[in-house]
Every structure is written in structure tokens, then in C-alpha cells.
Amino acid sequence: MRIKNIFILILFALFISACSVNQIEKNIVVEVKKKVVLEREAISDELLSDINHILFLLKQKDLETLNSRFINPHYRLYEVLKDNQNNKFIFNKKSQIDEISDEIDSFEIKKEEVIFNCSPYDDKYYGWNKEGVFISTNIQPYLSNIMKEANLLKINTYSEEEIKIANNIEKTSYEVVIPYNIVFYITKIDKQWYITLVDKVKTDCTN
């Protein structure tokens, strides 16, 4: 009888152990499902159409429609620029684009990078090296770097939600360059494309 009781206790212990392992495996599966993998969508006709719409609004100087359609109210708009006094990058978070230019030399959208050359000695080498409108994956980690550095100096300067938005912008956006007009990042949020960042660093030739 004593041996039988010991055998029952062993079976019970094995059952409890199996249940615990099963629960741990379930928890791991749940955690994996919760982890969101950020991926950049392929360039689509929808994206190109939205860029053409932005070009049209710029040409028409229709700032009101540009802001209402292409600025996401939750993400808003990051404007990145140089702080030359402290020799670092900074950003302003805004609810809208304040001003636009109608200077657009071409409506041809090219899937390639374009370079802005800074040449203080010869004007013929200064400026953009190509004509057109350019879309590429040339995304810079401005936001995440600024936020990480700020959080090292002072804990929780930027929240997890703000860092999450920055990571989403940097990992899923495209850079759009309209030479001598604007450089911006366009990001898909809730199935629509929005302007999420304006890059004022790229054409800043100050040291």
C-alpha cells in the first residue's frame, strides 16, 4: 500500500511538471505573437500616387489640404535640424507644416538616392547632383539617436511610446527628396501614407 501511494505521488508530480512546462511554452508563444516585426512595404502604385498628390498640393501651395491629409494627428511631424551652437542634431515636434514652396522642376519620381553637395569654394559643385523627385530607403536614425542620448543624460526624457514611434518611422519609411524644396520621410500608418519627418539637416552645409 505504501509503494502504491509513492507511485501515485510520483505520477501527480509528473503531471504538475508537465502542466507547468506546457504553460511556459504557451507564455513563450504569446510573447512571440506580441512582438511586432517592423518591415518596410514595397514601393506601390498607392505610394507613388500619394507622392504625386503631395507634389500637386505643393505646386498649388495648398498648405491646408497638405496638413489635413498628410499629417497624422497621433504621430504628428518631426522637424530635424542642426544645432550648430552645440554641434548636434535636434528635432521639433509639430502638428503641421508651417510653410511650403511651389518650386518643383520635375514630376518624374525616380527610385534612387540623390546627393546634396556642399562646396563653399565653387558654386557649380554646390547643390543637388540630379534632377527629378527621388524616393529611397536612405533613412537616418535621427530620432532614435537623439532620444537615446537624452535618456542617458536624464532617465525617461522620452517615453517608450515616443521611442516606439521613432523606431517605426525609421524602419518603415521612405525618404522623398524634392530638390530645392523639401526632404521628408513618408510612413504608412493605419493603412495610409503620411509625412512624418522633415529633414533640414541634409542641405545644411554649416559646420
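The chain is numbered in sequence order, starting from 1. Basis for what follows: all heavy atoms, side chains included, without hydrogens, waters or symmetry-related copies.
Side-chain contact between D199 and L81: absent, with no pair of heavy atoms (C-beta onward) separated by less than 4.5 Å. Inter-residue side-chain proximity for E175 and V177 is flagged as met; some heavy-atom pair is nearer than 4.5 Å. Between V114 and N129, the closest side-chain pair of non-hydrogen atoms falls below 4.5 Å. Annotation: side chain of V198 is not in contact with side chain of V80 (no heavy-atom distance under 4.5 Å). Using a 4.5 Å cut-off on side-chain heavy atoms (C-beta onward), I71 and I97 make contact. Side-chain contact between F134 and K111: absent, with no pair of heavy atoms (C-beta onward) separated by less than 4.5 Å.
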Exercise for the section: Show your reasoning for whether side-chain contact (heavy atoms from CB on, under 4.5 Å) applies to I135 and I43. Expected result: CA-CA 9 Å; I135 180 170; I43 295 175; 4.1 Å; yes
Practice task
Determine, stepwise, if the pair Y185 / F91 fulfils ring pair (Phe, Tyr, Trp, His ring centres under 6.0 Å).
Solution key: CA-CA 14 Å; Y185 291 179; F91 67 76; over 10 Å; no
Exercise for the section: I would like to know whether K93 and E162 meet salt bridge (charged side-chain N to carboxylate O under 4.0 Å, His left out); could you show each step before the answer? Expected result: CA-CA 11 Å; K93 194 166 185 181; E162 288 173 302; 5.0 Å; no
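For E64, the CD atom is loosely surrounded, since the number of other residues' heavy atoms within 6.0 Å does not exceed 12. Other residues, nucleotides and ligands place no more than 12 heavy atoms under 6.0 Å from the CD atom of E131. In the displayed structure, Y125 atom OH is contacted under 6.0 Å by at most 12 heavy atoms of other residues, nucleotides or ligands. Counting non-hydrogen atoms of neighbouring residues, nucleotides and ligands closer than 6.0 angstrom, the CG atom of D45 reaches no more than 12 such neighbours. Heavy-atom neighbours of I155 CD1 from other residues, nucleotides or ligands within 6.0 Å: at or below the threshold of 12. Counting heavy atoms of neighbouring residues, nucleotides and ligands inside a 6.0 Å radius, atom CG of D190 does not exceed 12 of them. Within 6.0 Å of atom NZ in K171, 12 or fewer heavy atoms from other residues, nucleotides or ligands are found, so the atom counts as exposed in its surroundings.
A donor atom on one side chain and an acceptor atom on the other are not found under 3.5 Å apart for E170 and N168.
With rounding to the nearest 0.5 angstrom, the CD1 atom of I195 is 10.5 Å from the CG atom of L197. Atom CG in N117 sits 8.5 Å away from atom SG in C205 (nearest 0.5 Å). Atom CG in L38 sits 10.5 Å away from atom CZ in R40 (nearest 0.5 Å). Rounded to the nearest 0.5 Å, atoms CD (Q85) and CD1 (I90) are 10.0 Å apart. Here S101 contributes atom OG and K61 contributes atom NZ; the two are 6.5 Å apart, rounded to the nearest 0.5 Å. Annotation: the span from Q96 atom CD to L63 atom CG amounts to 6.5 Å, rounded to 0.5 Å.
Looking at K94, its side chain never comes within 3.5 Å of a backbone N or O of L77 through a donor-acceptor pair. Distance alone, capped at 3.5 Å, is enough to place a donor-acceptor pair between the N181 side chain and the E103 backbone. Remark: the backbone N or O of T65 is paired with a side-chain donor or acceptor of D62 at under 3.5 angstrom.
Hydrophobic clustering places I51 together with I100 (ILVMFWY residues linked when any side-chain heavy atoms are closer than 4.5 Å, directly or through intermediates). I54 is not connected to I189 by any chain of hydrophobic side-chain contacts under 4.5 Å among Ile, Leu, Val, Met, Phe, Trp and Tyr, and they are in different clusters. Hydrophobic clustering, with ILVMFWY side chains joined whenever heavy atoms are under 4.5 angstrom apart, groups L47 together with L57. Residues I178 and Y78 fall into different hydrophobic clusters, defined by Ile, Leu, Val, Met, Phe, Trp and Tyr side chains chained together at heavy-atom separations under 4.5 Å. Hydrophobic clustering, with ILVMFWY side chains joined whenever heavy atoms are under 4.5 angstrom apart, groups L143 together with V201.
A distance of 6.0 Å or more separates the ring centres of F56 and F107.
A pairwise comparison of heavy atoms in L58 and I104 identifies CB-CD1, 3.8 Å as the closest pair. Taking every heavy atom of both residues into account, F70 and D50 meet most closely at CZ-O, 3.7 Å. Summarising the geometry of T206 relative to K82, their closest heavy-atom pair is O-NZ, 3.0 Å, with the distance given to 0.1 Å. Nearest heavy-atom pair, A166 versus S144, reported as atom, atom and distance to 0.1 Å: CB-N, 4.3 Å. Counting all heavy atoms, side chain and backbone alike, W128 lies closest to Y180 at N-OH, 3.0 Å. The shortest heavy-atom contact between S173 and I139 is O-CG1, 3.6 Å.
Using a 4.0 Å cut-off between charged nitrogen and carboxylate oxygen, K200 and D204 do not count as a salt-bridge pair. The existence of a salt bridge linking K130 and E112 is confirmed by a sub-4.0 Å separation between a basic side-chain nitrogen and an acidic carboxylate oxygen. A salt bridge between K88 and E149 is absent, with no side-chain N of the basic residue lying under 4.0 Å from a carboxylate O of the acidic one. The pair E46-K188 counts as a salt bridge, with a side-chain nitrogen and a carboxylate oxygen less than 4.0 angstrom apart.
Remark: R76 is not positioned above the aromatic ring of Y194, lacking an NZ or CZ atom under 6.0 angstrom from the ring centre and at most 45 degrees off the axis.
Ring-plane geometry between F89 and Y142 is classed as perpendicular, the angle between the planes exceeding 60 degrees on a 0 to 90 degree scale with a lower cut at 30.
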